[in-house]
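In what follows, a single structure is set out as C-alpha cells and then discussed.
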Amino acid sequence: MDEKKLYTSYDLDIWKRFAKYLKPYKKGLVYVLCSMLTLGIIDVVMPMMTQYAIDNFILKKTLENFGYFIGIYLSLGFLLVFIVYSFIMVAGKIENDIIFELRKKAFYKLQNLSLTYYDKNAVGAIMSRVVADVSKLGQNIVWNIVDMTWGIAMMTTMIIVMFFINVKLTLLSLTMVPILFLISAFFQKRMLSSNRKVRKVNSIITGAYNEGILGAKTSKVLVREEKNIEEFNVLTEDMRMKSLKSLMYSSLYLPLVVSVGSIGTALVLYYGGMSVASDIITFGVLTLFLGFTKQFFEPIRQLARVFADLQAAQAALERVLDLVEEEPLIKDSQSVVEKYGDILNPKKENWEEIIGNIEFQNVNFWYKEGESVLKDFNLTVKKGENIALVGETGSGKSTIVNLLCRFYEPSSGKILIDGVDYKERSQGWLHSSLGYVLQSPHLFSGNIIDNIRYGNENITKEEVVEAAKLVNAHNFIMKLENGYETEVGESGAMLSTGEKQLISFARAIISKPKLFVLDEATSSIDTETEHLIQEAISKVLEGRTSFLIAHRLSTIRNADKILVIKKGVVVESGSHHELLEKKGYYYKLYMKQFTEEKEIEVFGRNYEVVSN
Ligand SMILES: Nc1ncnc2c1ncn2[C@@H]1O[C@H](COP(=O)(O)OP(=O)(O)O)[C@@H](O)[C@H]1O
Ligand SMILES: [Mg+2]
C-alpha cells in the first residue's frame, strides 16, 4: 500500500464506507447539526436585533416596549449559551467515542489478522494508523462537520434575510463572495499541504537524528561522519525552504482577503449610504448590511478550511478503514466457530485434548503465487517426538513450523493434528496447546511475573517460580533488585537477550503445552547462557511433541529425528548418529561447525562479527 497517497479530489466511496461507523451516533449527530443550524440563525438574528434597536429606540429616542426587547435579547443570549455548551459536550463525546471505537476495532483486527498482514505492512505504519490516524480522524471529521453546518446555516439564513430586506443591496454585498471563496479555497489548500510537507521533512529530520545517534558507532567505524553531515544539511535546507513557503502562504492570505472584503464593504457603503440619504432604507438596515458583509468572511474561511481538511483526512480515513475492514487470511469456518468458539468466546468445553500426533500430507506452500517454498512436503511426527530442522537460511525451516502453528495455512495439502485436519478445529484450540519461543524474545512492559504468566491471571506465583526454576531462570531473577516483581522496562530493555530468552521459555512452558516450537531460540545467546538454555530445552522437550530449529548443531544432537531441509525439501533425515554415519550434508555441516567451535576454544575468540 502506498502510505503517502495524497488526494487531490474527493472520493465519495471512502465517505460512504465511513458513514457506517457514524450510525451509532446518529442521535448525537442530529442534535449537533440542529444546534449548529440554530446557532447559525442566532448569529444572524443578533445583528438584526441591533438594527431594530437602532431604528426603533436609538434613532427615535424612545424606550417604548424596550422591556420586551431586552427580554427577547436576553433569552436569545441564554439560548446561545446553552446551545454552545451542549453541542460542545455532545460533539466532544462523539469524537471520543469514535476514536475509542475505531481504536478498539483496529486493535481487535490486529490481534486477529494473519501474519501475512504483518509481512506486508511495516510495524511503524500500522502503529501510525492506529494511533495517529484514528485520533486525527475523530477530531478532524466531527469538528469539521460542526463548522461546516454552522457556516452553511449562517450563510443561508443571512442571504435569505438580506434578500427579504433589500435585493439590490444584497446582490452588491454578495459580489465579493465567490472571489473570497476562490481565494480561500486556493490558500487553505496550499497552507494545509505545505504545512504537511513541513511536518514530513520534520519527521525525516527526526529520523536522521535517530540514525545519527543510534548509528554513531557504525558511522565512526565507516568514517561516514562527513557524508552524514552533508545529507543532514540538505535536509535542514529543505525544511527551511518549505517552512518559508508555508509562511508566505499564511502571510499573504489574510491581507488579500481583507482587501477583497473591503471592496464589498465599500460598495455596500456607497450604495447603502445613498439609499439612506434618499430614505429607501433605514440607517439600521445599512448597519445590518455592513455587519453581514463582514460576517460573511468567517463562514467562507471555515468552509474553505473544512473542505481542504476533509480532503486531507481522506488518506488517513482510507488507511484506517482498510485496516478495520481487512479480512484475516486465516479464518475459522462458520461451523468451526459454532462448535469451538472464536478468540473472544472460546467454547473450551468442546475442545478435544491435544495428544500431539502430527502429519503433514502433501503440503505445498508459497507466500507469493508462483514462488513455491514447500513442495509436496510429507512428515509424520508421533506424540512426544522431538524433531529438529536443519538447513541453510531460507531453506524453509521457519515456514514449516509457521504452518504447523497455523500462522499460515498450506496452499494445498493438509496438516493433521491427532488425525484431524487442523482447519476443522479453531485456531484458539491449537494455540492454547502451543508453546512457541522465537529467535528474538519479546517481553511486554510490566514485571517478570506478569511476563511469564502473560494473559493468564489464574496462574499463581508458585507456578511461575516453578516454571522459572525448570528453565534455569530462577537464579538470575532472584538476583534482580525486586526479584519476580522487577519491572522489565519497555520490551525488556533492562535484561540481556539470554535472560529475556529464559523468561520467554518459562512463559512458553507455563501452560504445559502439548506442542512446542523453538525457532532459532538459542542463536543470539552467549555461550554461558546457552548451557543454561540447553539444559532447559532438554527438560522442556521431554514428553512433548516438539520442533526445534537451531543454528548450533550441538543444541539438536539429542533430537529423536533430524530433518535436513534444502529448498523446502527434506534431503536427509535420521538421528544424529545415523546422519553422521551417512557422511552426507549433515556430516559436512557438523564437521564445519565442530572445527569452528574448536578453533574458538583453542584461540579463545569468535570469528563471527557481532553487530549491536
Ligand atoms: N513472510 C514471507 N513472505 C514472503 N516470503 C517469505 C516469507 N518468509 C519467508 N519467505 C521466503 O521463504 C523461504 C523460506 O524461508 P524461511 O522458512 O524463513 O527459511 P528458514 O527459516 O529456513 O531460514 C525463503 O526464500 C524466504 O525468503
Ligand atoms: Mg527461520
Side-chain angles (χ1 to χ4, degrees), residues 1 110 112-126 323 326-331 358 360 362-379 381 386-413 415 427 434-442 497 500-501 504-505 508 515-525 530 533 537 546-556 559 561-573 579 584-586 588-590 592-593 608 611:
M1 152 135 15
L110 286 175
N112 265 292
L113 281 172
S114 335
L115 284 187
T116 18
Y117 183 79
Y118 294 95
D119 294 342
K120 280 187 244 144
N121 298 274
V123 175
I126 300 176
L323 169 60
E326 175 98 17
E327 280 293 318
L329 222 63
I330 293 174
K331 255 177 103 170
I358 290 163
F360 284 66
N362 310 102
V363 170
N364 288 293
F365 179 78
W366 54 81
Y367 291 100
K368 282 183 223 101
E369 193 91 51
E371 291 174 30
S372 188
V373 178
L374 293 186
K375 279 191 213 104
D376 202 29
F377 185 80
N378 286 287
L379 176 66
V381 182
N386 302 150
I387 303 293
L389 302 175
V390 183
E392 299 166 1
T393 306
S395 57
K397 306 178 298 290
S398 297
T399 305
I400 293 170
V401 296
N402 284 339
L403 282 167
L404 170 72
C405 299
R406 209 175 159 196
F407 297 146
Y408 299 88
E409 285 174 348
S411 307
S412 77
I415 294 175
Q427 294 172 63
L434 188 72
Y436 191 169
V437 183
L438 286 158
Q439 177 169 11
S440 44
H442 183 81
T497 312
K500 281 193 262 184
Q501 199 58 281
S504 67
F505 266 90
L515 308 176
F516 210 85
V517 171
L518 298 175
D519 190 349
E520 312 246 6
T522 50
S523 299
S524 42
I525 290 176
E530 211 215 335
I533 288 201
I537 289 178
S546 61
F547 283 74
L548 176 59
I549 302 174
H551 178 66
R552 293 198 189 109
L553 298 180
S554 50
T555 317
I556 59 163
K561 197 192 233 173
I562 298 169
L563 304 180
V564 182
I565 315 283
K566 218 173 178 179
K567 292 187 180 150
V569 177
V570 181
V571 288
E572 278 174 31
S573 76
L579 285 178
Y585 182 75
Y586 182 82
K588 265 192 257 164
L589 213 60
Y590 185 79
K592 190 165 155 254
Q593 271 197 13
E608 267 176 282
S611 68

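Below, all heavy atoms of this structure are taken into account, side chains as well, without hydrogens, waters or symmetry copies. The shown structure was predicted, so the numbers you read here are calculated from the model rather than taken from an experiment. Order of listing sets the numbers, starting from 1, for every ligand and every atom in it. We count residues from 1, following the sequence as given.
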Beyond-backbone contact of [X] with [Y], side-chain heavy atoms, under 4.5 angstrom:
X: L589; Y: V390; value: yes
X: Y585; Y: L579; value: no
X: L379; Y: F547; value: yes

Need the ligand 1 atom indices (1-based, order shown) with element for anything under 4.0 Å from a heavy-atom of [X].
X: Y408; value: 1 (N)
X: T393; value: 23 (O)
X: T399; value: 14 (C), 15 (O), 16 (P), 17 (O)

(message) Is it the case that the side chains of S546 and N386 hold a donor-acceptor pair, with the cut-off being a distance below 3.5 Å and no angle test?
(response)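 Indeed, the side chains of N386 and S546 share at least one donor-acceptor pair under 3.5 Å.
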
For [X] and ligand 1, answer yes if some heavy atom of the residue is under 4.0 Å from a ligand atom, otherwise no.
X: G396; answer: yes
X: E392; answer: yes
X: F407; answer: no

(request) Work out which heavy atom in S398 is nearest to a heavy atom in I549; give both atom names and the distance. (result)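 For S398 versus I549, the nearest heavy atoms are N-CD1, 3.9 Å.
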
(request) Indicate the atoms forming the closest heavy-atom contact of A508 with V437, along with that distance. (result) CB-CG2, 3.6 Å

(request) Assert yes or no for the condition that the ring centre distance of F407 to Y436 is strictly below 6.0 Å. (result) yes

(message) Please check: side-chain N/O of K397 versus main-chain N/O of G391, any donor-acceptor pairing under 3.5 Å?
(response) yes

(request) State whether the side chain of K566 and the backbone N or O of E392 hold a donor-acceptor pair below 3.5 Å, judged by distance alone. (result) no

Does any N or O of ligand 1 fall below 3.5 Å from an N or O anywhere on [X], backbone included?
X: V373; answer: no
X: S395; answer: yes
X: K368; answer: no

(request) Spell out the protein N/O/S atoms under 2.8 Å from the Mg ion (ligand 2) as residue plus atom name. (result) S398 OG

(request) Classify the ring geometry between Y367 and F365 as parallel (under 30°), tilted (30 to 60°) or perpendicular (over 60°). (result) perpendicular

(message) Below 4.0 Å, non-hydrogen atoms only: which portion of F365 touches ligand 1? Side chain, backbone, both or neither.
(response) neither

(request) Report the residue from D519, I387, L518 that forms a side chain to side chain contact (heavy atoms under 4.5 Å, CB included) with V401. (result)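 Answer to the side chain to side chain contact (heavy atoms under 4.5 Å, CB included) test with V401 among D519, I387, L518: D519.
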
